[in-house]
Protein chains: 2
Amino acid sequence: MTSTATPGRGRPKVRPQALAGQAPAGREKPAEKEQRIYTAIVDRVMEQRLKPGTRLPEAALCELFGVGRTLVQKVLQRLAHDHIVELRPNRSAIVAMPSREEVGKLFEARRALEAAVLPLVAEHATRANYASLRRQLRQERDAMHRYAQTEWAGLASAFHLRLGELSRNPMLHRYLSEIISRCCLVVALFQPPGNATCEHHEHERVVACLEAGDVAGAQQENDRHLRELEAHIQLIEEDTDQSLADMLGLTDRS
Amino acid sequence: MTSTATPGRGRPKVRPQALAGQAPAGREKPAEKEQRIYTAIVDRVMEQRLKPGTRLPEAALCELFGVGRTLVQKVLQRLAHDHIVELRPNRSAIVAMPSREEVGKLFEARRALEAAVLPLVAEHATRANYASLRRQLRQERDAMHRYAQTEWAGLASAFHLRLGELSRNPMLHRYLSEIISRCCLVVALFQPPGNATCEHHEHERVVACLEAGDVAGAQQENDRHLRELEAHIQLIEEDTDQSLADMLGLTDRS
DNA sequence: CGGGGATTTCTTGTCGACAATTAAAGGTTT
DNA sequence: AAACCTTTAATTGTCGACAAGAAATCCCCG
């Protein structure tokens, strides 16, 4: 008999690992199921409860969410397409860990895309749109003053998302959404809690330029704003010796 | 017994429809399988052998390509993400048929994106890159003179794709590729064979501006070029009474 | 003769099962 | 003791099976 004390020959048998399932008992529409799993994973990544490099085996996700592998695979496909996870053939999916170069390209793309979007916003935006933008800015400021970091971070990116929406171009909106959520991911990765940049004045400046019809000015302000955000990221990244740990291969396994 | 002459009660039983399978007998790597199906469908759509609105039932595709439904579904997901097909819940997937408004937004996005890409191209491009661009332009001109329409169409979009590549930004490159292939789809849909615009001079002008360091000029030339292309599409669309046939529901079935 | 169900079939949504691949440890040989 | 091979488990790739939803036709009734 194979006792528990004697270590078997091959790969060690993993313990059943009773994972706490949180599947809502009530039946839900098929589309909602998929969305629920998707957002659950994205949220955990944003909260840093799922760190980059963490393995995401399909079976575990199946138990966690109480669904079959088909659905989990579909979600993983979507996550991989959005670069939230990395999908390797015949290997577990892992939470994506963007390299320094990728982060640079990411912000470059974001600057280019937002600059391309601003003229369309200026073209289509109405008074009501500007009013709602300003309302959003007030919320943002309040959250900052209340030191509600997670909420504030969400609102800050919501501003840029709203700009994408106001371009009235579904494709550009989608692309910008994709890039912004990846940026959020990066920020969440490298930003130690409690270390936030005070940026909401810059948002206000962009809106002011837009409302005054100064598109070029808005582009310039936004570009500078994004560069500042990126510089802050880089700085923090230098601070922690992330690269060293990475080189030693300590970030690979749990 | 249920004879073939008497029409049964419910929905008419469809004939097995012996479809000619073209599955390569030799085993292939899993990733290649998926790509083979994907490109096969895209190619058929581009050739207009699969017209918009054509239904794509999973079972038929399974027989055609000799694979299971899992793979077919994965491919359909990708195609839907690229807006090549439309995916409705509990209904057959159909080849996408972009509306007039979507086409407008599509070209708007393309103009914005290419304008955003050009500065990066000017920043990164080397002498050798410009040389290869010019080589491509010569091929393009030759193909046009030889009246090789399909080849020429491919080369014409290849020029824009190359610009995306030269931006050295993977994300922008991918987005531009997506949009360009959608534009190709639209062009293929509305462009009757043999009716091509003579555009390669405009490409040359863009390259000339870029090489001279005149980014704004290149953007302007490219913008005008794309607007001309779109205007040509619209014109043709007005010509054929596509909307009428659509309203009569004649475009639904083969 | 037209409209509302009933009925049948088609089609997708979802799941577990089996095969193939990869990783990780132990044992073995030099 | 270090490098290689063997064994074992974990994990994904792929498929058919079953259930549920939608569509098309016919039947019946007004």
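Every chain is numbered from 1, with letters handed out A, B, ... down the list of sequences.
Listed by chain and residue number, A:His81 satisfy the ring pair (Phe, Tyr, Trp, His ring centres under 6.0 Å) test with B:His81 (two or more places apart in sequence, or in another chain).
At whole-Å resolution of the value, CD in B:Glu63 and P in C:dC10 are 13 Å apart. Protein atom CG of A:Leu71 is 8 Å distant from nucleotide atom C1' of C:dG13, rounded to whole Å. What separates CD of A:Glu32 from C1' of C:dT14 is a distance of 16 Å, to the nearest Å. A:Lys74 places its NZ atom 12 Å from the P atom of C:dT12, with the value rounded to the nearest Å. The nearest whole Å value for the distance from the CG atom in A:Asn90 to the C1' atom in D:dA10 is 12 Å. If you take NZ of A:Lys33 and P of C:dG13, they are 13 Å apart, rounded to a whole angstrom. Going from atom CD of B:Gln77 over to atom C1' of C:dG13 covers 11 Å, rounded to whole Å. Following rounding to the nearest Å, A:Leu56 (CG) and D:dA10 (C1') show an atom-to-atom distance of 15 Å.
Judged purely by atom type and a 3.5 angstrom limit, B:Arg44 uses its side chain to pair as donor or acceptor with the backbone of B:Ala40. Remark: side-chain polar atoms of B:Lys105 are not paired, donor with acceptor, to backbone N or O of A:Leu172 under 3.5 angstrom.
Salt-bridge annotation for A:Glu178 and A:Arg174: present, with a side-chain N of the basic residue lying under 4.0 Å from a carboxylate O of the acidic one. The pair A:Glu34-A:Arg78 meets the salt-bridge criterion, since a charged nitrogen lies less than 4.0 angstrom from a carboxylate oxygen.
Put simply, the side chain of A:Arg88 and the base of C:dT22 share no donor and acceptor less than 3.5 Å apart. Below the 3.5 angstrom threshold, one finds no donor paired with an acceptor across the side chain of A:Arg69 and the base of D:dT11.
Look at A:Ser92 and you'll find a side-chain N or O under 4.0 angstrom from OP1 or OP2 of D:dT12.
Axis angle, first five pairs versus last five pairs of the helix from C:dC1-D:dG30 to C:dT30-D:dA1: 0°, rounded to 10°.
In this structure, the side chains of B:Ser132 and B:Arg162 come closer than 4.5 Å at one or more pairs of heavy atoms.
Proximity note for A:Thr70 (side chain, C-beta onward) versus D:dT14, C:dC15, C:dG13: the nearest is C:dC15. Side chain of A:Arg91, nearest nucleotide from C:dT22, D:dC15, C:dT12: C:dT22. Taking every side-chain heavy atom of A:Arg55 into account, D:dT11 is the closest of C:dC15, D:dT11, D:dC15.
With 3.5 Å as the limit, one finds a donor-acceptor pair spanning the side chains of A:Asn129 and A:Thr126.
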